[in-house]
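For reference, the structure is listed below as structure tokens.
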Amino acid sequence: MLVDSHAHIDARLYHKDRDEVVARARKAGVAAVVNVGCDLGSSEASVKLAQRYGEVFAAIGFHPHNAAKMMHGDLDKLAELSQHPEVVAIGEIGLDFYRNLSPREAQIEAFKEQLELAERLSLPVIIHCRNAQEEVLSILTEWAGRAKRDRPLGVLHCFSGDAKLGHRYIEMGFLISIAGPVTYPSSHALEIARDIPLEELVIETDCPFLTPHPRRGKRNEPSYLSLIAEKIGEIRGVPPDLVAESTAKNAIRLFELPIQLKGAL
Ligand SMILES: [Zn+2]
């Protein structure tokens, strides 16, 4: 059993065969997929998908790329949307100083506002961070110091820091997520896959992006998630089933998914 903690199957690339994509995921043992919003439209689409497919759950939020498009009143709309029982997280939110598709000031403001929203709603956060490690760490350190929860505060999606930074986030109450790049040669994620305890890891496809080897070059989809579990198992010298079950258990705890693990852990 696997849980895909981060997917975008609302993307246009799945318009023609979304039912088949979900059916293939089910067949491949993916018990749950968290579909992640990037703006208001994709957040609403995430909720609709979650209502349509039993194994899909929704995260809602404004990606840093779209921070400048976040309008006055959009936070209220997200809060309203969060009332649907299928909504399990606020995300993806954070900073992207690599592509800078929104001005940095707008990104920081949207990030902080959505962290406050998550705290108000007692929802975990899904963090996107690219070329902004210091800034994200300082904002999350400040926020985590105030956030009170009896479960993980959120997840660093497709984590791009080193193991030392990963351990700092774990101490603050976050989980670390590994995506397809762990299957690429000389990926920084190899260190993360080796050094971060299994109890603190979740896995994701981030589909349609970051397709794992040997499917690289094709459209990604949740049924490929087992390739990531297999690679982590190989790196750690443990059975891939153990990686699948542990990361699924962690994702269930993080998002409070109303599903049961098959078999005892
Ligand atoms: Zn994403």
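Both ligands and their constituent atoms are indexed starting at 1 by order of listing. The figures here come from the full heavy-atom set of this structure, side chains too, leaving out hydrogens, waters and symmetry mates.
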Main chain of [Y], side chain of [X]: is a donor-acceptor contact present, judged purely on distance under 3.5 Å?
X	Y	value
T183	H213	yes
H128	L95	no
D17	E20	no

Worksheet item: Between D162 and H188, does any side-chain donor sit less than 3.5 Å from a side-chain acceptor?
Response: no

Worksheet item: Does the side chain of S102 pick up a donor-acceptor pair with the side chain of Q107 at under 3.5 Å?
Response: no

Discussion item. For Y169, give me all partners under ring pair (Phe, Tyr, Trp, His ring centres under 6.0 Å), at least two apart in sequence or on another chain.
Written reply: F174

Worksheet item: Hey, which protein N/O/S atoms does the Zn ion (ligand 1) have under 2.8 Å?
Response: H6 NE2, H8 NE2, E92 OE2, D206 OD1

